[in-house]
Peer 1: 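So that we are looking at the same thing, I have put the structure below in structure tokens.
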Amino acid sequence: MDFQILDADYEVINDSSPVIRLFGRGEDGKSVCCFVPDFEPYFYLKASGDLNAVARLIEDTFTQVKKVDIVEKFEPIGYQKTKTKMLRVTTHLPREVPEIRDEILKLQEVMRAEGKWEVYETDILFRNRFLIDRDLGGMVWVSAEGEAVDPAKYIRTSSSGSSRCEKFACDASILASGFHKVENLTLAPLKYLSFDIECLPLDGGMPSPEVSPVVMISFSFEPEYKGHKTLVLLAKPVEGLNSDVYPCKDETEMLNRFFEIFCEYDPDIVVGYNHQDFDIPYITDRVKTLVSEGKSINPVVGRDGSKIGYRKFGLITRTEMKGRVVVDALPLVRRAFSLKQYTLRAVSKELLNREKLDVPPLEMEEYWADTGEKFKKFVDYSRRDAELALELILHLKLLDKYIALAQVSGSLLQEIVDGGQTSMIETLLLREFGLRDRVLLPKPDDGVSAERYEMSSDLKGGEVLEPQKGLLENVLILDYKSLYPTIMMAHNLCYTTVVTGDRPEEVTIKPPSGGEFVPPDVYKGIVPSILEDLLSRRTQTKKRMRKTSNENEYRVLDATQLALKSLLNSFYGYSGYARARLYSLTLANAVTSFGRSNILNTREIINSTIGKIILRNKTALLLDEAGELSPQDRVVELSVAYGDTDSVFVHCKSREDLSLEEISLIGNRLSNIVSASLPDPMELEFESIAKRALLIAKKRYALWLFEPRNSGWEDKIKVKGMETVRRDWCELTSVTLNKVLELVLIEGNVDQAVNYVREVVSKVRNLDPAKDSDIIESLVLTRTLTKKTESYKNKQPHLTVVENLKKRTGVVPSIGTRIPFVIIAGKGLFVDRAEDPDYVRENNIPIDVDYYIKKQILPPVERILEVFGVKISSLDFDSKQKGLFDFEAKKPEVKKQEKPSSEKESKVKAQEQNLCKENGHAAQSSLFDF
DNA sequence: TTTATTGCCTAA
DNA sequence: TAAGTTAGGCAATAAA
């Protein structure tokens with residue numbers, strides 16, 4: 001039987017031996033639980049003295065220990081000439097590994113042994129240990145042979161005495177006699193269920209599960225459930241409703257129906273919007289309250305019959321549903337898109353172009369009590385929320401990336417959806433370390449992490465070149481493909497190659513930052529090997545993408561290559577991460593120091609070694625190659641105008657106008673020359689051409705870019721770091737600035753830009769709150785609440801709003817929420833005049849027009865226009881609307897330019913759209929774009 | 001008034 | 001059982 005692994009865990013049978021359970025969905029559509037016996041928990045101990053004696057002592061001392069073997073392993077960090085003898089300790093039960101790991105170290109005193117004993121791989125979850133050792137992983141397809149079994153045999157009866165197998169939800173259970181991984185590019189027919197609960201608020205504030213009942217629960221299904229796309233359960237009997245509304249006698253009956261339908265549908269993916277932090281804990285606590293009042297509810301959600309529940313770790317809530325994957329759309333949308341707000345309403349509008357229906361919290365009780373239209377509205381509102389959550393996941397294909405990451409890294413989907421890059425990297429490292437006979441360290445404790453965190457101040461990052469500020473024409477953009485991973489591969493940089501003890505005979509690799517690494521022929525580093533594997537798989541995947549005509553396959557392959565890229569880029573960060581199992585400042589510093597010297601070298605080569613390029617007969621020649629110059633030759637002077645970490649902007653100066661083709665010749669030539677000087681697989685790539693580039697400051701610039709697209713050129717404006725792409729500025733600022741950039745960069749028309757700004761300013765100054773509600777909308781600022789309100793040292797505008805909100809409704813936004821606000825008219829500090837936009841609208845509070853003009857519109861615009869000699873003396877400028885601008889157009893430096901000939905296909909009209917699109921997507925860590 | 005610090009968000 | 005990294009600009013408040 002073939003199935004895709006969704007989840008894995010283990011169960012202990014007869015208190016004596018663990019059985020692994022793999023949960024999955026078969027290609028036939030059946031949900032499967034596959035039991036795998038005979039996998040044993042173990043860990044490693046590096047001891048000193050007579051190892052046989054230690055082994056016997058351990059076996060005698062600990063009843064938990066099943067056996068102790070002597071093995072030869074490399075230690076985790078540093079180049080070693082030989083392996084070390086260690087003990088591999090096998091226990092009967094998985095939980096016994098952490099139980100005895102500290103005790104076992106105490107035997108060192110009993111043995112009076114020298115040196116320091118260490119334990120390794122003592123904190124690997126048993127299910128992960130299994131997946132790693134058997135070369136399986138999340139969302140991987142397996143083919144299992146074996147007999148159908150009664151799950152009851154493999155399920156421990158719960159403490160209450162009732163057997164969970166009564167509620168065992170899988171269509172098929174098998175006892176595996178053998179299994180193997182199979183290659184399959186399709187996705188099992190997964191079942192998605194999304195749900196959303198409604199409870200009546202307390203005085204318009206947050207409801208509490210101790211007192212506020214759940215009155216409605218909505219489902220959305222994909223595929224349908226018994227012909228229903230959606231279903232709404234009601235906690236009261238109501239007559240005459242549609243068939244997809246299900247009235248219940250009371251809340252208890254509704255909750256029971258909820259769990260019954262849930263298990264009957266048997267979803268693989270359980271979706272919601274913020275359900276991880278709200279709906280699931282709420283239902284859990286509400287059920288507890290009702291049961292304590294004597295109601296009978298059986299809240300089963302797990303495939304093994306386990307009940308709904310949640311755990312809090314600090315600020316983070318985690319829920320688990322055995323055999324399924326809980327996917328909260330909110331954090332996924334947050335990670336995938338850079339938006340000003342992440343309320344379901346804002347997100348649906350922005351990303352799905354769908355409106356959320358709304359019921360005002362204060363009137364919910366009234367809507368619920370109503371029997372007519374209002375009640376229907378309430379039902380539809382609830383239903384819509386469940387629909388939207390599911391649509392976000394499905395329409396935006398938010399899970400594709402995570403599924404691919406699970407397959408490529410080997411971690412379970414739930415871990416990847418919940419967590420960061422750590423679990424994926426560690427899974428990859430554990431597997432490869434195992435294959436290379438090397439043990440891995442446990443996670444550091446808080447003390448060690450804190451120490452490391454202090455040390456991390458010695459980690460230097462990338463080099464940012466001082467930009468040649470102002471407007472430049474004809475700028476080539478080159479960048480290093482996947483800079484950091486290629487540096488690690490090129491120089492064999494790894495935890496396992498750094499010289500810490502043993503010295504090789506051979507010459508070592510010495511990074512600019514110090515330290516020494518052995519060359520690959522002495523010992524090929526494990527991380528470079530992993531990176532090479534990921535890189536070659538990525539190349540393969542891209543090749544297959546070009547071949548396939550199957551749309552689904554293409555989609556899977558694309559997600560796979562993106563996942564591979566993302567993993568490639570994660571290793572450097574991990575090496576400097578204080579809580580990593582492997583932490584090496586020497587390694588991390590080696591990587592960045594090679595990067596810095598690299599970009600500085602590149603600048604030197606281009607500025608000095610090359611200096612000038614001669615264009616002759618459609619070729620780009622170096623000065624020596626060109627020999628004697630003829631009048632037809634074009635001399636292009638090169639200078640690096642800017643660069644950040646892995647990119648170089650090269651200004652091409654020439655007496656004549658240069659065509660895009662000519663600039664491309666130069667770009668390709670530069671890329672070839674520099675790449676040839678680099679060790680494999682490092683490569684400097686010719687990325688694009690900026691016809692005009694406006695460099696304002698480090699990490700702040702705008703480019704009018706031309707990129708080759710099916711035999712023509714496509715142009716667009718790319719803005720980095722400026723206020724148009726920053727979410728802590730209002731929309732009016734970004735719209736105005738975008739327009740100014742467009743006029744200046746494309747049209748070369750400074751006058752028009754100035755006029756445009758004047759119009760905007762006058763519009764704001766003469767704002768009529770009654771009429772211009774849309775303008776007020778565009779004055780809303782947002783800022784993230786990044787910590788507990790009491791931890792702030794200074795006043796902050798969004799804090800003011802949070803305080804106000806708390807006073808008015810009692811609702812406190814949680815950490816991570818983006819708080820919208822506007823600045824209202826009045827005296828005193830700006831922070832004190834921040835106010836909730838809704839409140840301002842409802843109460844017709846006047847806006848601080850002056851603030852918006854002087855602090856939001858003018859400064860960013862000024863930074864751009866001053867490049868062209870436009871001065872805006874903001875002091876002169878007041879409501880009289882005179883002398884707004886001290887406008888001295890020094891030089892109409894930018895002449896309205898003929899469009900380059902080959903650029904017929906380009907659509908300047910699309911500029912604004914391009915800008916919007918650019919802004920809509922989250923900045924990916926694209927250091928190393930292949 | 002000037003300067004230092006805090007906070008946010010972005011580039012890579 | 002929380003969390004990949006540093007470099008950098010800019011605005012506001014707080015301190016000098």
Side-chain angles (χ1 to χ4, degrees), chain A residues 98 123 125 128 311-318 320 331 338 340 414-415 418-426 443 446 449 453 456-467 479-480 482-484 566-567 569-580 582-583 585 587-589 591-592 595-596 599 642-647 696-701 718-729 781-787 791-799 815-816 818-819 823 828-832 834 851 854-856 859-860 863 919 922-929:
Chain A
D123 56 354
L125 289 181
N128 291 343
R311 279 185 286 180
K312 285 215 151 163
F313 304 106
L315 297 162
I316 281 176
T317 315
R318 282 286 129 87
E320 187 185 66
S338 173
K340 294 209 169 166
Q414 185 75 68
E415 282 183 54
D418 283 348
Q421 298 167 3
T422 311
S423 87
M424 295 185 281
I425 303 242
E426 292 183 346
K443 288 195 172 145
D446 288 356
S449 303
Y453 192 78
S456 286
S457 56
D458 295 340
L459 173 50
K460 280 189 68 182
E463 178 76 31
V464 187
L465 305 179
E466 193 58 48
D479 62 26
Y480 281 91
S482 289
L483 180 66
Y484 287 173
S566 148
L567 282 175
N569 291 335
S570 303
F571 278 84
Y572 155 70
Y574 183 80
S575 69
Y577 171 45
R579 307 190 89 97
L582 298 176
Y583 172 82
L585 269 192
L587 172 58
N589 266 321
V591 176
T592 55
R596 289 192 300 276
I599 192 175
Y642 180 58
D644 186 347
T645 312
D646 65 344
S647 69
I696 299 297
K698 283 180 174 181
K699 298 186 187 288
R700 286 179 184 228
Y701 59 85
K718 186 178 195 172
V719 183
K720 291 289 183 182
M722 303 203 306
E723 290 74 6
T724 49
V725 298
R726 292 185 62 92
R727 290 175 290 177
D728 50 356
W729 291 77
L781 307 169
T782 58
R783 207 163 281 190
T784 306
L785 188 66
T786 56
K787 46 190 165 189
S791 322
Y792 281 92
K793 293 185 179 168
N794 293 339
K795 292 180 166 187
Q796 294 293 334
H798 50 314
L799 273 187
I815 292 174
R818 295 191 65 89
I819 313 290
I823 303 301
L829 287 174
F830 136 97
V831 271
D832 297 324
Y851 165 81
K854 286 187 177 152
K855 298 292 186 177
Q856 282 284 318
R863 279 190 279 272
N919 298 344
Q924 278 190 344
S925 161
S926 59
L927 255 190
F928 331 92
D929 200 2

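Below, chains carry the letters A, B, ... as their sequence lines are ordered, and counting in each starts from 1. In this text, all values refer to a predicted model and were calculated from it rather than measured experimentally.
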Peer 1: Report which part of the nucleic acid Gly721(A) touches: base, sugar-phosphate, or nothing (heavy-atom distance under 4.0 Å, all strands).
Peer 2: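 Sugar-phosphate contact only - Gly721(A) comes under 4.0 Å of backbone atoms but never of a base.
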Peer 1: Phe313(A) on top of dT1(C)'s base, within under 5.5 Å and under 30°?
Peer 2: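 According to the criterion (under 5.5 Å, under 30°), yes, Phe313(A) stacks.
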Peer 1: Using a distance-only criterion (donor-acceptor N/O pair, under 3.5 Å, no hydrogens), is the base of dC9(B) paired with the side chain of Arg726(A)?
Peer 2: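 Pair found.
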Peer 1: Under 4.0 Å, counting only non-hydrogen atoms across every strand here, what does Ser570(A) touch: a base, just sugar-phosphate, or nothing?
Peer 2: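 No contact at all - Ser570(A) keeps every heavy atom at 4.0 Å or more from the nucleic acid.
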Peer 1: Side-chain N or O of Tyr453(A) versus OP1/OP2 of dG4(C): is the shortest distance under 4.0 Å?
Peer 2: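 For Tyr453(A), the contact criterion (side-chain N or O under 4.0 Å from OP1 or OP2 of dG4(C)) is not met.
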Peer 1: Taking 4.0 Å as the cut-off, does a side-chain nitrogen or oxygen of Lys855(A) come that near to OP1 or OP2 on dA12(C)?
Peer 2: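 So the side-chain polar atoms of Lys855(A) do come within 4.0 Å of the phosphate oxygens OP1 or OP2 of dA12(C), strictly under.
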Peer 1: Measure from the side-chain N and O atoms of Asn589(A) to the backbone N and O of Lys460(A), and report whether any donor-acceptor pair falls under 3.5 Å.
Peer 2: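 The answer is yes, because a donor-acceptor pair under 3.5 Å joins these two groups.
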Peer 1: Taking the minimum atom-to-atom distance to the side chain of Asp123(A), which one of dT5(C), dT6(B), dT1(C) wins?
Peer 2: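 That would be dT1(C).
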Peer 1: Is there a donor-acceptor pair under 3.5 Å between the side chain of Arg727(A) and the backbone N or O of Arg818(A)?
Peer 2: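 Not a single qualifying donor-acceptor pair exists.
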Peer 1: Atom NZ of residue position Lys855(A) - does it have more than 12 heavy atoms of other residues, nucleotides or ligands inside 6.0 Å?
Peer 2: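 Open.
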Peer 1: When you measure from the side chain of Ile696(A), which nucleotide among dT1(C), dC9(B), dC10(C) comes out closest?
Peer 2: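 The listed nucleotide nearest to Ile696(A)'s side chain is dC10(C).
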Peer 1: Compare the minimum distances between each of dA11(B), dC9(B), dT13(C) and the side chain of Val725(A), then state the nucleotide with the smallest one.
Peer 2: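 The nucleotide sitting nearest to the side chain is dA11(B).
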Peer 1: Under 4.0 Å between any heavy atoms, over every strand shown, what does Leu315(A) touch: base, sugar-phosphate, or nothing? Just pick one.
Peer 2: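 The residue Leu315(A) makes no contact with any strand.
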Peer 1: Taking only side-chain nitrogens and oxygens of Thr786(A), does any of them come within less than 4.0 Å of OP1 or OP2 of dC8(B)?
Peer 2: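 Answer is yes, contact under 4.0 Å.
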Peer 1: Check every strand shown and say whether Lys460(A) touches a base, only sugar-phosphate, or nothing at a heavy-atom separation below 4.0 Å.
Peer 2: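 Sugar-phosphate, backbone atoms only, no base.
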Peer 1: Closer than 4.0 Å, any side-chain N/O of His798(A) to the OP1 or OP2 of dG7(B)?
Peer 2: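 Negative; the distance criterion is not met.
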Peer 1: To the nearest Å, give me how far apart CZ (Arg596(A)) and P (dT6(C)) are.
Peer 2: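 Result: 12 Å.
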Peer 1: Counting heavy atoms from C-beta on, name the nucleotide in dC8(B), dA2(C), dA7(C) closest to the side chain of Ile316(A).
Peer 2: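 Side chain of Ile316(A) sits closest to dA2(C).
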Peer 1: Among dA7(C), dG9(C), dT13(C), which is the nearest nucleotide to the side chain of Asn794(A)?
Peer 2: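 When the side chain of Asn794(A) is considered, dT13(C) is the closest of dA7(C), dG9(C), dT13(C).
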Peer 1: Would you indicate what Ser456(A) reaches in the nucleic acid, counting non-hydrogen atoms under 4.0 angstrom: base, sugar-phosphate, or nothing?
Peer 2: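 Sugar-phosphate contact only.
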Peer 1: Within the distance-only criterion (no hydrogens, no angle test), does the side chain of Arg596(A) pair as donor or acceptor with the backbone N or O of Gly461(A) below 3.5 angstrom?
Peer 2: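 Pair found, side chain donor or acceptor close to backbone of Gly461(A).
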Peer 1: Taking any heavy-atom pair under 4.0 Å as a contact, classify Gly461(A): base, sugar-phosphate, or nothing.
Peer 2: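 Sugar-phosphate only.
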Peer 1: Would you mind telling me which of dG7(B), dG4(C), dA11(B) lies closest to the side-chain atoms of Gln796(A)?
Peer 2: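 My answer, after comparing the listed nucleotides, is dG7(B).
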Peer 1: To the nearest angstrom, how far is Asn569(A) atom CG from dG4(C) atom P?
Peer 2: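 In whole Å, dG4(C) P and Asn569(A) CG are 14 Å from each other.
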Peer 1: Is any side-chain N or O of Thr784(A) closer than 4.0 Å to OP1 or OP2 of dC8(B)?
Peer 2: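 Thr784(A) to dC8(B) OP1/OP2: no side-chain N or O under 4.0 Å.
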Peer 1: Taking 4.0 Å as the cut-off, does a side-chain nitrogen or oxygen of Lys787(A) come that near to OP1 or OP2 on dG7(B)?
Peer 2: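 Yes, Lys787(A) has a side-chain N/O under 4.0 Å of OP1/OP2 on dG7(B).
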Peer 1: Rounded to whole angstroms, how far apart are CG on Leu465(A) and P on dA11(B)?
Peer 2: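 Rounding to the nearest Å, CG of Leu465(A) and P of dA11(B) are 17 Å apart.
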Peer 1: Rounded to whole Å, how long is the line connecting atom CD of Glu466(A) with atom P of dA7(C)?
Peer 2: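 The distance from CD of Glu466(A) to P of dA7(C) comes to 15 Å, rounded to the nearest Å.
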Peer 1: Could you state the atom-to-atom distance from CD1 of Ile599(A) to C1' of dA7(C) in whole Å?
Peer 2: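 Answer to the nearest Å: 12 Å.
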Peer 1: Can you identify which nucleotide, out of dA12(B), dT13(C), dT5(C), has its nearest atom closest to the Tyr701(A) side chain?
Peer 2: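 The listed nucleotide nearest to Tyr701(A)'s side chain is dA12(B).
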Peer 1: Check the pair Asp446(A), Arg579(A) against side-chain contact (heavy atoms from CB on, under 4.5 Å), reporting the backbone distance first and the verdict last.
Peer 2: CA-CA 8 Å; Asp446(A) 288 356; Arg579(A) 307 190 89 97; 2.8 Å; yes
Peer 1: Using whole Å, report how far CD of Glu426(A) lies from C1' of dT1(C).
Peer 2: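 Whole-Å distance recorded here is 12 Å.
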Peer 1: Is Tyr642(A) touching bases, backbone alone, or none of the nucleic acid, heavy atoms closer than 4.0 Å?
Peer 2: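 Since no nucleic acid heavy atom lies under 4.0 Å of Tyr642(A), the category is nothing.
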Peer 1: Using only side-chain N and O atoms of Tyr792(A), determine if any of them is under 4.0 Å from OP1 or OP2 of dC8(B).
Peer 2: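 Checking dC8(B) against Tyr792(A), a side-chain N or O does come within under 4.0 Å of OP1 or OP2.
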Peer 1: Choose from dC9(B), dG9(C), dT13(C) the nucleotide whose nearest atom is closest to any side-chain atom of Phe830(A).
Peer 2: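 When the side chain of Phe830(A) is considered, dT13(C) is the closest of dC9(B), dG9(C), dT13(C).
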Peer 1: Give a yes/no answer on whether the side chain of Arg727(A) brings an N or O atom under 4.0 Å of OP1 or OP2 in dT10(B).
Peer 2: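 So the side chain of Arg727(A) is within the cut-off, an N or O lying under 4.0 Å from OP1 or OP2 of dT10(B).
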Peer 1: Using the side-chain heavy atoms of Lys699(A), tell me which of these nucleotides is nearest: dC9(B), dT5(C), dG8(C).
Peer 2: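 Shortest atom-to-atom distance from the side chain points to dG8(C).
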Peer 1: Has Lys720(A) got a side-chain N or O lying under 4.0 Å from the OP1 or OP2 atom of dT10(B)?
Peer 2: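 So the side-chain polar atoms of Lys720(A) never come under 4.0 Å of the phosphate oxygens OP1 or OP2 of dT10(B).
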Peer 1: Grab the CZ-P distance between Phe571(A) and dA12(B) for me, whole Å please.
Peer 2: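 Atom-to-atom, Phe571(A) to dA12(B), this comes out as 24 Å.
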Peer 1: Closest to the Arg311(A) side chain: dT10(B), dT1(C), dA12(C)?
Peer 2: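 Nearest to the side-chain atoms of Arg311(A), counting from C-beta on, is dT1(C).
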Peer 1: For the pair made of NZ in Lys793(A) and P in dT5(B), what is the distance, rounded to whole Å?
Peer 2: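 Answer to the nearest Å: 11 Å.
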Peer 1: Any side-chain heavy atom of Tyr572(A) sitting closer than 4.5 Å to one from Leu587(A)?
Peer 2: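 Of all side-chain heavy-atom pairs linking Leu587(A) with Tyr572(A), none is under 4.5 Å.
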Peer 1: Do Leu799(A) and Leu785(A) touch side chain to side chain, with heavy atoms closer than 4.5 Å?
Peer 2: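 Contact flag for Leu799(A)/Leu785(A) side chains = yes.
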Peer 1: Determine yes or no for a side-chain-to-main-chain donor-acceptor pair under 3.5 angstrom, with Tyr484(A) supplying the side chain and Ser570(A) the backbone.
Peer 2: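 Such a contact is absent between Tyr484(A) side chain and Ser570(A) backbone.
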